[in-house]
Participant: 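First the structure, which I've put down as structure tokens, then a few questions once you've had a look.
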Number of protein chains: 2
Amino acid sequence: MISGKFAITIHILTLLHKFPNDYLSSEFIAGSINLNPVLVRKEIANLKAHHIVESKEGKNGGTKLAVNAADLTLKQIFEMTFETIGLGFAKNQPNPDCPVGKNINQHLEALYSEMNQNVSRQLEGISLEDFSNQF
Amino acid sequence: MISGKFAITIHILTLLHKFPNDYLSSEFIAGSINLNPVLVRKEIANLKAHHIVESKEGKNGGTKLAVNAADLTLKQIFEMTFETIGLGFAKNQPNPDCPVGKNINQHLEALYSEMNQNVSRQLEGISLEDFSNQF
DNA sequence: TAAATTTGTAACATATTTTATTACAGTATG
DNA sequence: CATACTGTAATAAAATATGTTACAAATTTA
């Protein structure tokens, strides 16, 4: 399974970009994603920690973008929500007495690291503005 | 979370490549991965369905490679175990009455499709033999 | 200042996916 | 015929992701 964090976060940011002058409530956003507002607020908390958005509490409060959408890349969003891609590891520590078991994770890590560089290059070239303007 | 299928499968194949003349038992393989033998047999069943390995039942049975390791690419292994990478989708159907909700999944799919092509190109260039010879 | 609305967050519940275990029929070997 | 495998189903346990409820704190507006 893969968490929906990236998809949810980019959905939130796209909405914020579409309404640049409003503080959008978590409930409004949740209505577009079809997601519980608490979960929206959790993702927003993450965005706030990275200074991508700002929120206002209280009545008529909500959240708005705090950065220029042209300067925020999908790579940054990816890193805020995923850290890394890859094709996974076996759950248990492999057998250290086997030459393959002993080294496989290190080789997989190297492979996945290349994948990340690869994907990062792609995502670096796309800004939130680019993404949002497709709609 | 991400399933360990790819890692487990490539671990199995690396072992088979290291012992090209033996039928390896699921128990032996499981000992290297540190995984339940039944799960090893399940991944082997998948490999068999793709004609990558062949098994022999009964005493002294086991599994061996049925293809040339130089001709089997990590891309093929990836496709046998994952189908696709990506950064996920929100679990619920987004709101079709919202212009963003209505179209976001389609745009994400396009993005992920590019990611896949990107990663596939990388994995295409690495054979099982290449991977295994690192050990 | 009081009522209403919204964020922030914790605590808990449910759902889904992944991994593990048990069991046993079927097959080949010696 | 005993042994050691595969193949597969059924079930259990563990891990992760998502959902819900509750409520304190903040801010607006009447």
Side-chain angles (χ1 to χ4, degrees), chain A residues 1-9 11-12 15-16 19 22-31 33-50 52-66 81-84 86-94, chain B residues 1-9 11-12 15-16 19 22-50 52-64 66 81-84 86-94:
Chain A
M1 195 178 29
I2 207 167
S3 136
K5 274 172 83 73
F6 175 83
I8 290 163
T9 297
H11 193 147
I12 293 168
L15 286 171
L16 295 179
F19 297 91
D22 296 322
Y23 282 89
L24 301 186
S25 76
S26 61
E27 183 139 354
F28 174 82
I29 295 171
I33 306 180
N34 189 12
L35 185 73
N36 194 290
V38 173
L39 300 180
V40 171
R41 298 206 284 273
K42 273 185 187 161
E43 293 313 318
I44 284 173
N46 184 34
L47 288 167
K48 281 178 61 180
H50 289 88
I52 305 298
V53 302
E54 54 179 272
S55 294
K56 209 169 62 171
E57 294 188 24
K59 189 167 177 180
N60 298 331
T63 301
K64 73 197 250 314
L65 263 186
T81 53
F82 256 80
E83 303 101 54
T84 178
L87 304 178
F89 297 92
K91 182 186 153 205
N92 302 324
Q93 185 75 37
Chain B
M1 194 177 34
I2 205 167
S3 138
K5 272 173 85 73
F6 175 83
I8 289 163
T9 297
H11 193 146
I12 293 169
L15 287 170
L16 296 179
F19 298 90
D22 297 322
Y23 282 88
L24 302 186
S25 76
S26 62
E27 183 138 354
F28 174 82
I29 295 170
S32 173
I33 306 179
N34 189 12
L35 186 72
N36 193 290
V38 173
L39 301 180
V40 172
R41 299 206 284 272
K42 272 186 187 160
E43 293 314 319
I44 284 174
N46 184 34
L47 287 167
K48 281 178 60 180
H50 289 88
I52 304 299
V53 303
E54 54 179 272
S55 295
K56 207 171 64 173
E57 292 189 26
K59 189 167 177 179
N60 298 333
T63 301
K64 74 196 253 313
T81 54
F82 256 81
E83 304 100 54
T84 179
L87 304 177
F89 296 90
K91 183 185 154 208
N92 302 324
Q93 185 74 38

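In what follows, every chain begins at residue 1, and chains take the letters A, B, ... in the order their sequences are listed.
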Participant: To the nearest Å, how far apart are B:Glu43 CD and D:dT8 C1'?
Facilitator: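 Result: 14 Å.
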
Participant: Rounded to the Å, how far apart are A:Lys91 NZ and D:dT16 P?
Facilitator: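 After rounding, the reported distance stands at 9 Å.
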
Participant: Please give, in whole Å, the distance from D:dC5 P to B:Ile44 CD1?
Facilitator: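 Taking atom P of D:dC5 as the reference, CD1 of B:Ile44 is at 13 Å.
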
Participant: Rounded to the nearest 0.5 Å, how far apart are NZ of B:Lys5 and CG of B:Leu39?
Facilitator: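 With rounding to 0.5 Å, NZ (B:Lys5) is 10.0 Å from CG (B:Leu39).
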
Participant: Find the distance A:Asn34:CG to D:dT18:P and express it as a whole number of Å.
Facilitator: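 One finds 13 Å between P of D:dT18 and CG of A:Asn34, rounded.
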
Participant: By the 4.0 Å heavy-atom rule, please label B:Lys5 as base, sugar-phosphate, or nothing.
Facilitator: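 Answer is nothing: B:Lys5 stays at 4.0 Å or more from every strand.
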
Participant: In whole angstroms, how far is the C1' atom of C:dT9 from the CG atom of A:Leu39?
Facilitator: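 That distance rounds to 13 Å.
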
Participant: For the side chain of B:Val38, starting at C-beta, report the closest nucleotide among C:dT21, C:dT16, C:dT29.
Facilitator: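 The answer is C:dT21.
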
Participant: Both B:Ala90 and B:Glu27 contact DNA chain D. Which one's nearest nucleotide lies toward the 5' end?
Facilitator: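 Looking at DNA chain D, the more 5' nearest nucleotide goes with B:Glu27.
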
Participant: Grab the NZ-P distance between A:Lys42 and C:dA10 for me, whole Å please.
Facilitator: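 One finds 9 Å between P of C:dA10 and NZ of A:Lys42, rounded.
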
Participant: Passes side-chain contact (heavy atoms from CB on, under 4.5 Å), B:Ile8 versus B:Thr81? Steps please.
Facilitator: CA-CA 10 Å; B:Ile8 289 163; B:Thr81 54; over 6 Å; no

Participant: Between D:dT8, C:dA11, C:dT27, which nucleotide gets closest to the side-chain atoms of B:Arg41?
Facilitator: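 Looking only at side-chain atoms, B:Arg41 lies closest to D:dT8.
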
Participant: Check whether any side-chain N or O of A:Asn36 sits under 4.0 Å from OP1 or OP2 of D:dT20, and answer yes or no.
Facilitator: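 So the side chain of A:Asn36 is within the cut-off, an N or O lying under 4.0 Å from OP1 or OP2 of D:dT20.
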
Participant: Atom CG of A:Asn46 and atom C1' of C:dT7: how far apart are they, to the nearest Å?
Facilitator: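 About 16 Å, once rounded to whole Å.
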
Participant: Would you say A:Asn92's side chain and B:Leu35's backbone share a donor-acceptor pair under 3.5 angstrom?
Facilitator: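 Not at all, since once roles are kept as given, no pair shorter than 3.5 Å links the two residues.
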
Participant: With respect to the side chain of A:Ser55, which nucleotide from D:dG7, D:dA15, C:dT7 is positioned closest?
Facilitator: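 Selected nucleotide: C:dT7.
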
Participant: Given D:dA26, C:dT21, D:dT28, which nucleotide is nearest the side-chain atoms of A:Glu57?
Facilitator: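 Of the options given, the side chain of A:Glu57 lies nearest D:dA26.
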
Participant: Kindly calculate the angle separating the two end axes of the helix from C:dT1-D:dA30 to C:dG30-D:dC1, each obtained from five base pairs, and round it to 10 degrees.
Facilitator: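 Roughly 10°, once rounded to the nearest ten degrees.
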
Participant: Let me know which of A:Ile52, A:Ile44, A:Leu24 forms a side-chain contact (heavy atoms from CB on, under 4.5 Å) with A:Leu16.
Facilitator: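 Single side-chain contact (heavy atoms from CB on, under 4.5 Å) partner of A:Leu16 among A:Ile52, A:Ile44, A:Leu24: A:Leu24.
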
Participant: Toward the 5' end of DNA chain C, which comes first, A:Lys59 or A:Lys48, by nearest nucleotide?
Facilitator: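 So the residue in question is A:Lys59.
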
Participant: Can you tell me how far C1' of C:dT18 sits from CZ of B:Phe6, to the nearest Å?
Facilitator: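 Rounded to the whole Å, the gap is 18 Å.
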
Participant: Can you measure from CG (A:Leu47) to NZ (A:Lys42) and round to the nearest 0.5 angstrom?
Facilitator: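 Nearest 0.5 Å value for the CG-NZ distance: 15.0 Å.
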
Participant: If you find the nucleotide of DNA chain D closest to B:Ser26 and the one closest to B:Asn92, which residue's nucleotide is nearer the 5' end?
Facilitator: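 Its nearest nucleotide lies further toward 5', so the answer is B:Ser26.
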
Participant: Let me know which of A:Ser26, A:Ser55, A:Ser25 forms a side chain to side chain donor-acceptor pair (under 3.5 Å) with A:Arg41.
Facilitator: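 Answer to the side chain to side chain donor-acceptor pair (under 3.5 Å) test with A:Arg41 among A:Ser26, A:Ser55, A:Ser25: A:Ser26.
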
Participant: Over all heavy atoms of both residues, which pair between A:Ala7 and B:Phe89 is shortest? Give the atoms and the distance, please.
Facilitator: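 Taking A:Ala7 first and B:Phe89 second, the nearest heavy atoms are CB-CA, 3.7 Å.
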
